[in-house]
Amino acid sequence: MVEEQAPDPRWGAPSRTHDPWLLARFRPRPSDILIVTAPKAGTTWMQQILYQIVSGGDDGFSSIYDVVPWLECPRKHQSREDTLREYEAMENPRIFKTHCTFEQTPGSGKVRIVLTSRDPRDCCISFYHHIMDMTEEGRAKAGIRAPSSFDVFFAKWMAHGAWFRNVQGWWPHRHAPNVLWLRYEDMKADLETAIDRVAAFLGARLTTVQRARVLEHCSFAWMKRNAGRFTRVSDWGGELFKPGGFIRKGQVGKERHLLTPEQEQQILRRCADMLEPECLDFLGLKHGG
Ligand code: A3P
């Protein structure tokens with residue numbers, strides 16, 4: 001098989017979860033809704049919130065990925081053409097999850113963008129558990145090794161730097177009319193208000209009954225009870241995560257003791273180096289959190 005010509009470097013380098021060819025050929029529509037959240041900052045929660053609002057509280061889906069696909073993630077048993085055909089066949093408004101940077105996001109100026117940010121310390125710890133909660137088989141299939149210690153994981157997380165790129169890249173666009181930026185911490189404190197804000201942003205009108213259903217289906221308790229619908233389905237038929245993983249604890253700041261004071265300072269220093277004071281303030285990191 002002849003490999004297609006390499007796409008423009010703006011679409012990023014190929015990896016296990018990032019197919020630049022898909023991005024280059026994806027045709028965005030103004031009605032599309034893209035979740036552009038950094039890993040572990042509440043991406044899945046927002047997949048559910050958007051799907052619930054758009055569907056008026058549907059609970060008949062078996063996997064959130066059937067109704068809100070991961071845009072740039074290659075499918076092992078499906079050709080790129082078939083994936084793109086599936087995207088074309090989706091009804092409006094289509095909803096996608098992506099971990100693309102601002103530059104890599106297709107149609108970033110015309111589609112509707114929803115971003116959730118979360119304290120980087122909590123994202124880092126959540127990511128550690130994400131890997132540790134995968135099954136041995138899941139990790140092996142994904143080509144991931146369990147880190148030998150939290151310190152080893154931490155060094156890799158910092159070197160990868162996805163959280164920092166996400167916030168830095170989107171921050172200048174936060175006031176664009178097609179962008180809605182929410183904080184995980186605010187959603188935890190008051191889910192009703194968060195859902196009303198998202199619905200208003202989308203121009204969605206929910207009846208009282210629908211709104212109550214949406215709220216219930218987006219609660220941590222409901223998502224935990226239905227964790228199988230939110231955990232990515234493996235492409236070999238086995239379990240990717242151990243029971244209780246993925247929709248895990250959903251807390252704010254409760255596990256930061258896992259970080260040494262020096263590790264915490266490393267995160268906060270990188271934030272101070274890369275982000276504007278207003279952004280640090282917004283994230284609650286201005287005075288060292
Ligand atoms: P924890 O690992 O801290 O529990 P992502 O979807 O971006 O990978 O983020 C996963 C994190 O979001 C996990 O955090 C998960 O528990 C949390 N989460 C998922 N659904 C949630 C909900 N309904 N309410 C609060 N947190 C939720």
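Remember, it's 1-based here, ligands and their atoms both numbered in the order they're listed. Not measured: the values here are computed from a predicted model.
Checking only distances, G250 does come within under 3.5 Å of ligand 1, N or O to N or O. Residue Q251 places no N or O, backbone or side chain, under 3.5 Å from any N or O of ligand 1. At a 3.5 angstrom cut-off on N or O pairs, C218 counts as close to ligand 1. Considering backbone and side-chain atoms together, T37 places no N or O closer than 3.5 Å to any N or O of ligand 1. Residue E255 places no N or O, backbone or side chain, under 3.5 Å from any N or O of ligand 1.
Nearest to atom 1 (P) of ligand 1 by heavy atom, out of S126, P39, C123, A227, is S126. One option in W45, Y184, F220 has a heavy atom closer to atom 12 (O) of ligand 1 than any other, and that option is Y184. Nearest-heavy-atom check against atom 11 (C) of ligand 1 across R248, R118, K224 picks out R118.
Under 4.0 Å is where a charged nitrogen must lie from a carboxylate oxygen, and between D119 and R121 at least one such pair does. No salt bridge links D133 with K242; every basic N to acidic carboxylate O contact stays at or beyond 4.0 Å. A salt bridge links D82 with R85: the distance from a Lys NZ or Arg NE/NH1/NH2 to an Asp or Glu carboxylate oxygen falls below 4.0 Å. Taking 4.0 Å as the cut-off between side-chain N and carboxylate O, E255 and R248 count as a salt-bridged pair.
Numbered from 1 in the order shown, with element, the atoms of ligand 1 that lie under 4.0 Å from a heavy atom of F246 read 13 (C), 15 (C), 16 (O). Short contacts between ligand 1 and S219, defined as distances under 4.0 Å to a heavy atom of the residue, involve ligand atoms 23 (N). Listed by number with element, the atoms of ligand 1 under 4.0 Å from a non-hydrogen atom of T44 are 5 (P), 6 (O). Residue-ligand proximity, K249 to ligand 1, at heavy-atom distances under 4.0 Å covers atoms 4 (O), 16 (O). Close approach of ligand 1 to A41 is summarised as follows: ligand atoms under 4.0 Å from at least one heavy atom of the residue are 7 (O), 9 (O).
The distance between the ring centers of W11 and H18 does not fall below 6.0 angstrom. For F230 and F246, the ring centers sit 6.0 Å or farther from each other. For W163 and F127, the ring centers are positioned 6.0 Å apart or more.
Contact analysis puts I247 in contact with ligand 1, with a non-hydrogen atom separation below 4.0 angstrom. Using a 4.0 angstrom heavy-atom cutoff, K40 counts as in contact with ligand 1.
Distance alone, capped at 3.5 Å, places no donor-acceptor pair between the R270 side chain and the I267 backbone.
In this structure, atom 20 (N) of ligand 1 lies nearest to the protein heavy atom M223 CE, 3.6 Å.
Inspection of the E72 and Q104 side chains reveals no N or O donor paired with an N or O acceptor under 3.5 Å.
Enclosure of atom CD in E262 by more than 12 non-hydrogen atoms of other residues, nucleotides or ligands within 6.0 angstrom is indicated.
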